[in-house]
Protein chains: 2
Amino acid sequence: MSHSETVDRILDAAELLFAEKGFTETSLRMITSKAKVNLAAVNYHFGSKNALIQAVFSRFLDPLSHMMEQGIRELGWRTGQADHFELEDIFRLYTQSLLKIPTRHKNGISNFMRLLGLAYSQSQGHLRKYLEQEYSRALVSFMRLIKACTPELTPEERFWRIQFTLGTIAFSMSSIQPLTEILENSANAQAKPERVVELLVPYLVAGLKAKPVLPPKV
Amino acid sequence: MSHSETVDRILDAAELLFAEKGFTETSLRMITSKAKVNLAAVNYHFGSKNALIQAVFSRFLDPLSHMMEQGIRELGWRTGQADHFELEDIFRLYTQSLLKIPTRHKNGISNFMRLLGLAYSQSQGHLRKYLEQEYSRALVSFMRLIKACTPELTPEERFWRIQFTLGTIAFSMSSIQPLTEILENSANAQAKPERVVELLVPYLVAGLKAKPVLPPKV
DNA sequence: TCAGATATCAAACGTATGTTTTAAACAATT
DNA sequence: AATTGTTTAAAACATACGTTTGATATCTGA
């Protein structure tokens with residue numbers, strides 16, 4: 001697959017539509033008509049709809065995971081040096097990387113977080129498999145850092161708290177619009193990702209650092 | 001729509017399949033073949049696929065919302081009496097109600113939480129509208145209680161923290177099964193909803209009670 | 001300049017979907 | 001026993017989907 005104007009237009013349209021409607025609910029005809037390209041272009045350039053979905057994720061996730069790994073390396077963080085850094089620093093690193101990613105259209109970040117949430121909740125088998133084997137390294141290093149910062153937790157409780165944390169991130173960043181509509185809260189018009197992140201990080205840290213329920217193994 | 005054996009069999013099959021695959025990814029033919037009823041039965045009894053989706057939610061949500069409202073009434077909680085109860089009590093009330101709901105098949109709760117998560121993330125327009133107008137009262141009373149317990153938060157920060165909280169609940173409860181599969185960690189084999197809830201509540205309370213980022217209005 | 005690769009296009013293919021139809025079987029009431 | 005309303009059954013309907021085809025246009029490099 002070479003790199004043409006058409007490819008980018010397809011990816012742009014697909015990213016928006018997938019985030020808005022979901023994967024199955026978005027047809028190739030919607031995408032190609034929004035991108036103003038021929039219907040066959042998707043199968044020509046990407047091979048299949050599933051491959052297009054994966055390509056949408058790659059375009060965002062590749063620079064992101066790269067930036068995160070670099071950030072960890074630059075700070076010289078090592079597992080086992082838990083006293084040298086704090087949970088908040090980790091989240092700041094990740095969220096700053098996230099906000100720095102150049103996006104094609106505005107709201108690109110919350111748009112993409114919504115995609116991540118969909119990938120997680122919607123059981124798109126092929127996508128989960130793809131993301132796992134493609135970006136497992138980044139996830140593993142993240143887990144290591146969390147572990148180093150929460151030595152007081154049993155593995156089980158740590159596991160679940162990490163899941164809660166990931167869930168909170170994916171969900172809250174992804175569904176900003178729906179809930180604001182439900183709550184009819186007009187005070188939240190300024191729902192920029194930067195603002196949400198600012199409020200989110202302390203919330204996550206507090207949850208992870210809460211007094212453990214399970215007694216530690218002695 | 002009368003109440004026959006066929007209706008229940010359809011609802012049972014639909015509940016399982018929707019939770020497993022999502023709404024769009026589940027066809028009426030899958031449902032009717034699993035329920036061992038005729039294809040036309042769905043449109044006869046429910047009218048349409050969308051109406052069936054809503055019926056699945058009603059069967060679970062009606063007793064749940066009723067039980068929750070009753071719980072609040074029995075405890076005599078009133079807004080403005082924040083010193084009489086704690087956040088943890090509220091969550092316990094809700095989670096206990098949730099766990100007490102009789103389900104048709106085992107794993108019914110996590111099954112249904114997964115459905116709720118899907119309804120939340122997947123932008124099924126008709127479903128969101130239906131849930132809003134049908135169960136807004138329960139949500140509003142929940143918000144009131146949270147507000148009474150977190151007077152130190154600005155409306156904006158409280159709004160977002162509630163958002164984070166709801167996201168965490170929906171997300172974590174819905175992805176219990178997928179995660180346990182990923183884990184393969186025998187230490188976490190006991191991933192029963194009761195167990196997860198036990199770990200979840202303190203996490204949520206800590207997040208809501210975290211030191212506020214935004215300065216309070218004086 | 002002109003072949004050869006690359007990209008676009010309109011049209012069609014096969015399949016699966018939600019829904020409707022028509023007829024038959026069943027149940028309950030008169 | 002006949003009639004009515006209700007439920008099942010099989011088949012067909014129209015539509016939308018992802019994908020493929022084959023012809024045409026566009027670009028590229030020698």
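Keep in mind the model is a prediction, meaning the values are calculated, not measured. Below, chain A is the first sequence line, B the second, and so on; all start at residue 1.
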Notebook entry, point to check: More than 12 non-hydrogen atoms from neighbouring residues, nucleotides or ligands closer than 6.0 Å to NZ on A:K49, yes or no?
Noted result: yes
Checklist line | Nearest-angstrom distance from the residue atom CD of A:E5 to P of D:dC27 | finding: 13 Å
Check: For the pair made of CZ in B:F46 and P in C:dG18, what is the distance, rounded to whole Å?
Finding: 15 Å
Checklist line | Toward the 5' end of DNA chain D, by each residue's nearest nucleotide, A:M30 or A:A40 | finding: A:M30
Check: Can you check the B:N43 CG to D:dA12 C1' distance for me, whole Å?
Finding: 14 Å
Note to self: Here's a test of your reading of the structure: between A:R29 and A:V37, which maps to the more 5' nucleotide of DNA chain C?
What the structure shows: A:V37
Item checked: Euclidean distance, atom CD1 of residue B:I31 to atom P of C:dT19 [Å, nearest integer] -> 11 Å
Margin query: Between B:R137 (side chain only) and B:S65 (backbone N and O only), is there a donor and an acceptor less than 3.5 Å apart?
Written below: no
Margin query: Taking only side-chain N and O atoms of A:S48, does any of them lie within less than 4.0 angstrom of OP1 or OP2 on D:dG18?
Written below: no
Item checked: Between B:F142 and B:Y94, ring centroids under 6.0 Å -> yes
Note to self: From CG of B:N38 over to C1' of C:dT22, roughly how many Å is that when rounded to an integer?
What the structure shows: 13 Å
Check: Hey, what's the ring geometry for B:F112 with B:F60, parallel, tilted or perpendicular (30° and 60° as the breaks)?
Finding: parallel
Checklist line | Residue mapping more 5' on DNA chain D - nearest nucleotide basis, A:L39 or B:Y44 | finding: B:Y44
Check: Atom CG of B:L11 and atom OG1 of B:T6: how far apart are they, to the nearest 0.5 Å?
Finding: 11.0 Å
Margin query: Using whole Å, what does the distance between atom P of nucleotide C:dG18 and atom NE2 of B:H45 come to?
Written below: 17 Å
Next item on the list: Answer yes or no: does atom CZ of A:R92 have more than 12 heavy-atom neighbours from other residues, nucleotides or ligands under 6.0 Å?
Entry: yes
Next item on the list: Grab the stems for DNA chain C, please: at least three consecutive Watson-Crick or wobble pairs, both distances below 3.5 Å, written as range with range.
Entry: C:1-26 with D:5-30, C:28-30 with D:1-3
Next item on the list: Measure the distance from CG on B:N50 to C1' on C:dT17 and round it to the nearest whole Å.
Entry: 13 Å
Next item on the list: Determine: side-chain N/O of A:S27 to OP1/OP2 of D:dC17, distance under 4.0 Å, yes or no.
Entry: yes
Next item on the list: State whether B:T6 places a side-chain N or O below 4.0 Å from either non-bridging phosphate oxygen (OP1 or OP2) of D:dT8.
Entry: yes
Margin query: From NZ of A:K49 over to P of D:dA16, roughly how many Å is that when rounded to an integer?
Written below: 15 Å
Check: Can you tell which of B:V42, B:N43, B:V7 makes a side chain to side chain contact (heavy atoms under 4.5 Å, CB included) with B:L52?
Finding: B:V42
Notebook entry, point to check: Which part of the nucleic acid, if any, lies within contact of A:T32, taking any heavy atom under 4.0 Å across all strands shown: a base, the sugar-phosphate backbone alone, or nothing?
Noted result: nothing
